[in-house]
Amino acid sequence: GGGGGGGGSKRATPRSSFSGMGRAAVLHGTVSSGDLQGQDGPLPWYAVADGCAWTGPPVPTSGPSEEEEAFMVEAPKTAFNKFQLLPWEGTAWSGPQLLEVIAAGLKDLNCDPKAGRPDTHKLTTPQAVEHMRRACADILPTPLFAFLLRVFQGPNVDSGVACNRFLRRLLKGCKNTVYMGITASPPEAYDEVTDSRKLGAAMYLRIFLVRFAKRFPQQHGFINPHVDSAVERQKLIDAIGDGFQAWEFMHATVDHPAAIVVRMHNKGLKAMIGVPRPLCWKAINHYYEFAITEPSRELSGHPAIFIIDLGKLSMGQYTKANIVAAAAQLQAALFHPEPFSAFVVAHAPGIFSFAWSIAKYFLTESARDKFVILSGAAAEHFHKKLGTAMDHIPEALGGLDKRDKLISSQELLSMVTQQRAVDAHIRAHGGGGLEEPVHTLQPDSSSSSSCSSCSSPSS
């Protein structure tokens with residue numbers, strides 16, 4: 001249901017038959033949402049036939065104030081009713097919602113072929129995307145999801161194409177698994193929630209929307225009064241000082257995607273490890289949001305890249321203590337779905353294999369699969385893999401472009417990186433869509449409350 005931002009199973013999306021050719025094309029992300037066809041003409045991109053019932057809490061329409069629940073706390077984990085909350089998940093607002101979501105998911109979205117919720121990891125990606133749409137039918141019409149698509153896929157990308165690209169992104173991170181594969185009941189089930197393959201992409205999205213609503217509160221037009229205020233940003237800049245002096249950032253252009261560029265050196269490593277929590281996590285979350293919101297794919301056709309240049313880091317810094325400490329500072333990388341097409345390690349020394357043997361355990365499986373290890377400059381990846389001419393690659397990366405300058409941590413932390421998405425949302429909905437659903441869907445008594453046809457989706 002879309003009423004009021006996701007009213008559980010009380011409302012259902014219009015039930016219609018899709019044109020096979022139109023649906024397949026949209027699932028492949030090759031045509032716009034206007035090409036979906038139903039029996040009575042074009043269907044909206046968010047229309048889902050036979051959506052799965054959802055009895056859990058609706059998609060959030062507001063987020064908590066900083067006084068109600070701090071955006072982040074310094075503890076890496078906080079126990080809440082035997083569930084381990086992450087630094088951005090508090091006990092006053094996030095925790096109760098997450099437990100409700102998980103409890104409902106174990107009932108409504110667990111893998112059950114007889115109920116039309118099969119193991120999807122061996123299905124084709126278009127088939128898995130169709131299951132995702134059915135499992136998230138109440139999510140698709142909501143303002144929060146519409147804004148999420150503008151943040152992650154670009155403010156001007158057709159909504160139907162953006163939706164399917166984003167769902168594919170989640171499926172890739174969960175190894176094409178849509179439904180939960182957890183048979184235990186709470187609290188034993190909580191130990192398995194961190195396994196993305198067992199959690200499934202549909203439940204990952206529902207959990208993520210809780211933290212996304214907290215970060216980008218709908219009631220404030222998706223600008224967080226605390227996190228995005230100029231005063232708080234300046235406090236963060238002052239507090240971390242030169243802690244992230246080794247971190248720089250590259251804007252997206254028509255020649256190359258955006259990138260986080262960490263040119264690590266001895267002083268920079270020591271400074272980064274010394275940034276206190278949760279300040280380090282707040283800063284890194286802003287850095288990741290820069291990479292997410294830059295128009296990399298729109299301009300260059302490639303998603304953002306994370307570059308770690310080890311050319312100036314001495315051999316004596318490759319200790320287990322330093323590696324573990326640095327990895328702990330990067331915990332905020334788990335806040336958003338991983339946005340990078342590659343993690344490029346430039347000027348990697350022979351001893352890097354030791355560092356990698358430790359660091360890889362702090363990364364998700366999908367992130368580990370994207371690592372590219374180079375003995376030379378990062379420019380090699382851009383030139384050989386992306387086809388970028390050397391004179392269009394900044395000198396900082398080993399290219400020949402002297403004009404394309406990187407921006408500093410202080411400059412980035414002064415930016416409200418979601419502003420383009422906010423502006424596009426306002427243009428699309430006339431300044432509204434913040435208190436009301438983006439799409440008003442009428443109840444349809446013919447819609448099934450089960451997922452009976454999920455076992456044989458069209459490809």
Side-chain angles (χ1 to χ4, degrees), residues 6 8-9 48 50-59 76-86 89 91 94-125 127-140 167-211 334 337-338 361-369 448-457:
S9 59
V48 177
D50 298 320
C52 296
W54 174 249
T55 59
V59 175
K77 296 285 182 66
T78 301
F80 177 71
N81 291 345
K82 299 185 178 182
F83 182 71
Q84 295 297 317
L85 299 173
L86 294 170
E89 298 166 347
T91 59
S94 302
Q97 289 197 64
L98 291 174
L99 294 192
E100 284 188 54
V101 168
I102 293 170
L106 289 168
K107 178 168 62 76
D108 297 339
L109 294 178
N110 230 329
C111 183
D112 183 355
K114 293 182 179 180
R117 302 190 298 271
D119 181 352
T120 60
H121 83 277
K122 291 185 179 180
L123 298 182
T124 66
T125 300
Q127 287 175 322
V129 169
E130 184 65 4
H131 277 279
M132 273 293 287
R133 291 175 59 84
R134 289 168 173 166
C136 305
D138 61 301
I139 293 174
L140 304 188
L167 297 184
R168 282 167 175 260
R169 176 201 292 254
L170 299 186
L171 284 166
K172 188 174 183 180
C174 295
K175 299 298 182 183
N176 221 45
T177 299
V178 173
Y179 304 108
M180 297 180 78
I182 300 175
T183 56
S185 300
E188 290 75 19
Y190 298 153
D191 294 334
E192 300 182 77
V193 169
T194 56
D195 185 333
S196 61
R197 174 72 180 273
K198 291 185 176 181
L199 180 65
M203 275 299 293
Y204 175 89
L205 177 55
R206 291 186 182 276
I207 289 173
F208 175 65
L209 284 173
V210 174
R211 74 178 70 141
L334 299 175
E338 192 273 300
Y361 293 109
F362 294 89
L363 302 168
T364 63
E365 184 178 353
S366 61
R368 290 197 297 268
D369 293 342
S448 172
S449 60
S450 66
C451 196
S452 58
S453 65
C454 284
S455 57
S456 57

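Both backbone and side-chain heavy atoms feed into the values below; hydrogens, waters and symmetry mates do not.
Atom CZ of R134 and atom CG of L109 lie 14.0 Å apart (nearest 0.5 Å). The distance from the SG atom of C174 to the CZ atom of R169 is 12.5 Å, given to the nearest 0.5 Å. Between T177 atom OG1 and L171 atom CG the span is 8.5 Å, to the nearest 0.5 Å. Here the straight-line distance linking atom CG of L86 with atom CZ of R211 works out to 6.5 Å at 0.5 Å rounding. Summarising the geometry, atom CG belonging to L199 is positioned 9.0 Å from atom OG1 belonging to T194; distances are rounded to the nearest 0.5 Å. Atom-to-atom distance recorded for R133:CZ and L167:CG is 7.5 Å, nearest 0.5 angstrom.
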Which is it for K175 and S196 under the side chain to side chain donor-acceptor pair (under 3.5 Å) test, yes or no, and what are the steps along the way? CA-CA 8 Å; K175 299 298 182 183; S196 61; over 6 Å; no

Assess whether side chain to side chain donor-acceptor pair (under 3.5 Å) is satisfied between S94 and Q97, documenting all intermediate values. CA-CA 5 Å; S94 302; Q97 289 197 64; over 6 Å; no

Decide yes or no on side chain to side chain contact (heavy atoms under 4.5 Å, CB included) for V193 and I207, but give the supporting numbers first. CA-CA 10 Å; V193 169; I207 289 173; 4.2 Å; yes

Evaluate the criterion side chain to side chain contact (heavy atoms under 4.5 Å, CB included) for residue pair I102 and F83; output intermediate values, then yes/no. CA-CA 11 Å; I102 293 170; F83 182 71; 3.7 Å; yes

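Of all heavy-atom pairs between V178 and A128, the closest is CG2-O, 3.5 Å. Considering every non-hydrogen atom in both V101 and W54, the closest pair reads O-CH2, 3.5 Å. Closest of all the heavy-atom pairs between C111 and P118 is SG-C, 3.6 Å. Across every non-hydrogen atom of G95 and F80, the tightest pair is C-CE2, 3.4 Å. Residues N176 and T120 come closest through the heavy atom pair O-OG1, 2.7 Å. Considering every non-hydrogen atom in both A189 and L106, the closest pair reads CB-CD1, 4.0 Å.
Inter-residue side-chain proximity for H131 and Y179 is flagged as met; some heavy-atom pair is nearer than 4.5 Å. Residues Y190 and L99 form a side-chain contact, since some pair of their non-hydrogen atoms from C-beta on lies under 4.5 Å apart. Looking at C136 and L205, their side chains come closer than 4.5 Å, going by heavy atoms from C-beta outward. Between T78 and Q84, every side-chain heavy-atom pair lies at or beyond the 4.5 Å cut-off.
Here the options are R117, K122, H121, the test is side chain to side chain donor-acceptor pair (under 3.5 Å), and the partner is D119; only H121 passes.
Salt bridge D138/R206: present, at least one basic N to carboxylate O contact under 4.0 Å.
More than 12 heavy atoms of other residues, nucleotides or ligands sit less than 6.0 Å from atom NZ of K107.
A donor-acceptor pair under 3.5 Å links the side-chain atoms of D112 to the main chain of K114, judged by distance alone.
By the side-chain hydrogen bond (donor to acceptor under 3.5 Å, both in side chains) test, E192 pairs with K198, sequence neighbours left out.
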